Each structure stands twice: as C-alpha cells, then as structure tokens.
Undergrad: 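Pasting a structure here, questions to come.
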Amino acid sequence: MAFGVDKRELAEWKRQIDKGNIAFLTHYWLDDRFPHCRTVTKAGCRDLDKLASWGEAHGLQKEWIDRRKDGYSHFDLLGDRQKEILEKEGLHSHIKKFRL
C-alpha cells in the first residue's frame, strides 16, 4: 500500500519518464514482505537499456527492474540502498521529507 505522494508528484514522475529521463518517486509504503521498510523510491525510465545501465552503476541487476506494460518500468529502492542512492543522486529533499 502506497501513501504520502500526491497526484502532482506522480504526474511529474511519469512526465519525466515519458521524456526519457531517470525519474524518482519516494513514498511511504507498507508491504508484509518487507516489514523493516516504511518507504520505497521508484527509479524509473522508459528506456530500459538506460535504466539498466543506471542501475548497474548503483549495483542493481537489470533483472530487478519491475517491467511495466504501461511504460513506467522502475527499480524499487529500499532500505540502506535506497538512502545511499538518493544521496548519490543529490535527492536530499526525499531523505529529509521521509526522514531516511
């Protein structure tokens, strides 16, 4: 279950993906499979080769991409790796907003 994100933020994430950019969307999240995580960052891009290369640079495997038919394929970033990547990408506002 996702919460803590508004329609404007979601629309901007999709807009950036549609432009071929790597886009980030962080929100609160509850999933019984990951009881230690309370947030997730979705790092998405329409260009799957670009997304895979970006992920590889951050130690992510291309097999971990959530491939979506709607074009909004993404990596789900969780836990320590989430914060580490947000820091490397200069997304301090995500870290601050969600107290990561």
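Treat the numbers as computed from the prediction; the structure is a model and nothing was measured.
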Undergrad: List in chain and number order the residues that pass side-chain hydrogen bond (donor to acceptor under 3.5 Å, both in side chains) with Glu56, two or more places apart in sequence or in another chain; answer none if no residue qualifies.
TA: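 If we apply the side-chain hydrogen bond (donor to acceptor under 3.5 Å, both in side chains) test to Glu56, skipping adjacent residues, there are no hits.
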Undergrad: Apply salt bridge (charged side-chain N to carboxylate O under 4.0 Å, His left out) to Arg15 and list each qualifying residue two or more places apart in sequence or on a separate chain.
TA: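 Partners of Arg15 under the salt bridge (charged side-chain N to carboxylate O under 4.0 Å, His left out) test: Glu12.
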Undergrad: Quick one, Arg38 and Trp29 - any side-chain contact, counting heavy atoms below 4.5 Å?
TA: no
Undergrad: Checking Leu10 against Leu25 for the side-chain contact (heavy atoms from CB on, under 4.5 Å) test, could you report, in this order, the C-alpha distance in whole Å, the side-chain angles of both residues, the deciding distance, and whether it holds?
TA: CA-CA 7 Å; Leu10 180 60; Leu25 180 70; 3.8 Å; yes
Undergrad: Please report the C-alpha distance between Leu51 and Ile22 in whole Å, then the side-chain angles of each, then the deciding distance to 0.1 Å, and finally whether the side-chain contact (heavy atoms from CB on, under 4.5 Å) criterion is met.
TA: CA-CA 7 Å; Leu51 183 59; Ile22 303 289; 4.1 Å; yes
Undergrad: Quick one: list whatever passes side-chain hydrogen bond (donor to acceptor under 3.5 Å, both in side chains) with Trp13, sequence neighbours left out.
TA: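 Partners of Trp13 under the side-chain hydrogen bond (donor to acceptor under 3.5 Å, both in side chains) test: none.
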Undergrad: Would you find a donor on one side and an acceptor on the other, under 3.5 Å apart, between the side chain of Asn21 and the backbone of Ala23?
TA: no
Undergrad: Nearest heavy-atom pair of Ile17 and Gly71: which atoms, and what distance?
TA: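 Closest heavy-atom pair between Ile17 and Gly71: CG2-O, 3.8 Å.
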Undergrad: Would you say Asp70 has more than 12 foreign heavy atoms packed within less than 6.0 Å of its CG?
TA: yes
Undergrad: Could you grab the distance from atom CG of Leu91 to atom CD of Gln82, nearest 0.5 Å is fine?
TA: 10.5 Å
Undergrad: Where do Gly20 and Cys45 come nearest, in terms of heavy atoms and distance?
TA: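 Where Gly20 meets Cys45 most closely, the heavy atoms are O-SG, 3.5 Å.
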Undergrad: Within this structure, what is the CD1-CZ distance for the pair Ile85 and Phe24, rounded to the nearest 0.5 Å?
TA: 8.0 Å
Undergrad: If you measure from OH on Tyr28 to OG1 on Thr39, what distance do you get to the nearest 0.5 Å?
TA: 8.0 Å
Undergrad: Which side-chain N or O atoms in residues 58-65 pair as donor and acceptor under 3.5 Å with protein atoms at least two apart or in another chain?
TA:
{"residue": "His58", "atom": "NE2", "partner": "Trp54", "partner atom": "NE1", "Å": "3.4"}
{"residue": "His58", "atom": "NE2", "partner": "Glu89", "partner atom": "OE2", "Å": "2.9"}

Undergrad: For residues 72-80, tabulate all N or O donor-acceptor pairs below 3.5 Å that involve a side-chain atom, not counting sequence neighbours.
TA:
{"residue": "Tyr72", "atom": "OH", "partner": "Asp18", "partner atom": "OD1", "Å": "3.2"}
{"residue": "Tyr72", "atom": "OH", "partner": "Asp18", "partner atom": "OD2", "Å": "3.1"}
{"residue": "Ser73", "atom": "OG", "partner": "Arg68", "partner atom": "N", "Å": "2.9"}
{"residue": "His74", "atom": "ND1", "partner": "Tyr72", "partner atom": "O", "Å": "3.0"}
{"residue": "His74", "atom": "NE2", "partner": "Lys42", "partner atom": "NZ", "Å": "3.3"}
{"residue": "His74", "atom": "NE2", "partner": "Asp66", "partner atom": "OD2", "Å": "3.3"}
{"residue": "His74", "atom": "NE2", "partner": "Asp76", "partner atom": "OD1", "Å": "3.3"}
{"residue": "Asp76", "atom": "OD1", "partner": "Lys42", "partner atom": "NZ", "Å": "2.8"}

Undergrad: Extract all donor-acceptor atom pairs below 3.5 Å that involve side chains of residues 92-100 and protein atoms in other chains or at least two apart in sequence.
TA:
{"residue": "His94", "atom": "ND1", "partner": "Thr26", "partner atom": "OG1", "Å": "2.7"}
{"residue": "Lys97", "atom": "NZ", "partner": "Glu9", "partner atom": "OE2", "Å": "2.9"}

